[in-house]
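Everything on this sheet refers to the single structure shown next.
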Amino acid sequence: MLAAVIVEGTVELQQRPDPQPGNGELLIRIKAAGINGADLLQRRGRYPAPPGAPADIPGLEFAGEVIERGPGATRFEVGQRVMGIVGGGGQAELIAVHERLLMPVPDLLDWPEAGSLPEIYCTAYDALFGQAELRVGERVLINGGAGGVGTAAIQLVTLTGAVPVATVRNPAMAAKVTHLGATVVVAEAGSDAAGEHGPFDVVLELVGAGNLPNALRALAPGGRVCFIGVGGGAKTEFNALYVMSKRARIHGSTLRSSSLEDKAALARAVERHVLPAFATGALRVVVDKTFDLADVHDAYEYFAAGGKFGKVTLLM
């Protein structure tokens, strides 16, 4: 098979042996796979793959067709469209995945949308509902509303009956993010410009730790901050008195290193509570640009340059 392979800080196309499905696994012919911030970190040598995942083939999400079932695999039929999150290896023509990690692809989604859905919607769902316990009517600040997870989070917050406020750094993205249903604030990392739209019950932090001091000031009593992105920096100083006086909670979430059990449980929750909304058009996947797998180097450079709205996706 052809695969995207990390070689000395860059990503190139190489031939690799075809994987074989083991017990409970399915062999998937991948049609599309999203690129995520974690892939850029892995390319730079800062985010190694977890045990069991390919050490040098990036890709945390994919969509494709089942072409073979391993021993004991019964959940999906050969030819069925599936998608899922993995610890790595998604940016290739083939992948062997345990069937419990997979979800069916909603009928209305094309391959670029399906290949870009699992990571952003599983991440946003886990952060908003698993970690922050979002409830109807609450106000949510999403720092980084133009990225993939940000676009998913805005839509999930709106669908829940909560109120989303999103920050963007690029003014050109404001109208696009507003169209998703959020009140949009143009703000640099660390800016307190969003504070006047608070107080917030939940702050979803996709940019970096530098936003934490302002997030704590803008929290409502009993508010929750959930970190799922630190591309803008992982360290900061903050006033713990805000945490104490507001009875605040600070959470963090990353799916890549989660156990099979935890990933499977999340996949079932997203399958049950999120995927039906794609059938009605209440949710959508925002795809900024697609690249052929042969152009994987260009795809990574485009992603790294910033300024995108939604996902960058590889097509196999």
Side-chain angles (χ1 to χ4, degrees), residues 30-37 59-65 81-85 90 102-130 134 136 140-168 170 172-184 202 204 206 228-229 255 266-291 299 302-303 307-316:
I30 297 175
K31 299 292 186 176
I35 299 176
N36 293 280
L60 307 184
E61 63 184 342
F62 67 92
E65 294 179 345
R81 300 204 310 160
V82 295
M83 59 187 178
I85 55 173
L102 297 171
M103 301 176 287
V105 174
D107 290 340
L108 293 182
L109 296 188
D110 60 19
W111 285 123
E113 293 168 333
S116 300
L117 185 156
E119 178 69 17
I120 60 173
Y121 273 97
C122 287
T123 298
Y125 182 89
D126 177 65
L128 290 170
F129 303 103
L134 179 64
V136 174
V140 182
L141 174 61
I142 300 162
N143 278 322
V149 176
T151 62
I154 290 168
Q155 295 177 77
L156 287 175
V157 169
T158 302
L159 190 65
T160 303
V163 181
V165 175
T167 65
V168 297
N170 183 352
M173 296 296 164
K176 296 179 180 180
V177 176
T178 300
H179 187 67
L180 292 176
T183 297
V184 178
V202 174
L204 191 60
L206 306 172
I228 54 176
L255 301 182
L266 178 58
R268 298 293 76 72
V270 170
E271 187 175 330
R272 183 166 58 250
H273 298 298
V274 177
L275 295 191
F278 287 96
T280 64
L283 294 177
R284 66 188 181 96
V285 181
V286 179
V287 177
D288 179 277
K289 191 170 183 178
T290 62
F291 289 82
Y302 179 82
F303 186 102
K308 64 183 179 60
F309 176 54
K311 296 287 293 191
V312 176
T313 308
L314 294 171
L315 301 180
M316 310 310 170

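Residue indices begin at 1 and follow the sequence shown. Remember, predicted model here, so these are calculated numbers, not experimental data.
Both tests pass for Lys289 against the ring of Tyr302: distance under 6.0 Å to the centre and angle within 45° of the axis.
Taking the six-membered ring for Trp and the full ring otherwise, Tyr125 and Tyr121 have centroids separated by 6.0 Å or more.
A pairwise comparison of heavy atoms in Pro164 and Thr158 identifies CG-OG1, 3.4 Å as the closest pair. In terms of heavy atoms, Val177 sits closest to Gly145 at CG2-O, 3.9 Å. Minimum interatomic distance between Glu271 and Leu102 (heavy atoms only, all atoms of both residues): OE1-O, 4.1 Å. The two residues Phe278 and Leu108 have their closest heavy-atom pair at O-CD1, 3.6 Å. Closest approach of Ala33 and Gly90 over heavy atoms only: CB-O, 3.3 Å. Of all heavy-atom pairs between Val287 and Pro112, the closest is CG2-O, 3.9 Å.
When side chains are defined from C-beta on, Leu159 counts as touching Leu283, because their heavy atoms get closer than 4.5 Å. You'll find the side chain of Val157 reaches within 4.5 Å of the side chain of Leu128, heavy atoms only. When side chains are defined from C-beta on, Trp111 counts as touching Arg81, because their heavy atoms get closer than 4.5 Å. Between Arg268 and Met103 there is a side-chain heavy-atom pair separated by less than 4.5 Å. Within the 4.5 Å cutoff, the side chain of Leu204 has no heavy atoms near those of the Leu141 side chain. Side-chain atoms of Leu255 and Cys122, non-hydrogen and from C-beta on, do get closer than 4.5 Å to each other.
Going from atom CD1 of Ile120 over to atom CG of Leu206 covers 11.0 Å, rounded to the nearest 0.5 Å. In this structure, CG in Asn36 is found 7.5 Å from OG1 in Thr123, a value given to the nearest 0.5 Å. The distance from atom CG of Asp110 to atom CG of Leu315, rounded to the nearest 0.5 Å, is 9.0 Å. Rounding to the nearest 0.5 Å gives a distance of 5.5 Å between CG of Leu266 and CD1 of Ile85. Annotation: the span from Leu275 atom CG to Leu117 atom CG amounts to 6.5 Å, rounded to 0.5 Å.
Using modelled atom types, one side-chain atom of Glu61 and one backbone atom of Glu119 make a donor-acceptor pair closer than 3.5 Å. Between the side chain of Asp288 and the main chain of Phe309, a donor-acceptor pair closer than 3.5 Å is present. A donor-acceptor contact shorter than 3.5 Å is absent between the side chain of Ser116 and the backbone of Lys311. Between the side chain of Thr280 and the backbone N or O of Ala277, at least one donor-acceptor pair lies under 3.5 Å. Here the side chain of Arg284 pairs no donor or acceptor atom with the backbone of Leu109 at under 3.5 angstrom. A donor-acceptor pair under 3.5 Å links the side-chain atoms of Thr151 to the main chain of Gly148, judged by distance alone.
Sparse packing is recorded around NE2 of His179, with 12 or fewer heavy atoms of other residues, nucleotides or ligands lying under 6.0 Å away.
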Pair Val165-Ile142, side-chain contact (heavy atoms from CB on, under 4.5 Å): steps then yes or no: CA-CA 6 Å; Val165 175; Ile142 300 162; over 6 Å; no
side-chain contact (heavy atoms from CB on, under 4.5 Å) assessment of Val140 paired with Val163: CA-CA 6 Å; Val140 182; Val163 181; over 6 Å; no
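Side chain to side chain, Thr313 and Thr290 fail the donor-acceptor criterion of an N or O pair below 3.5 Å.
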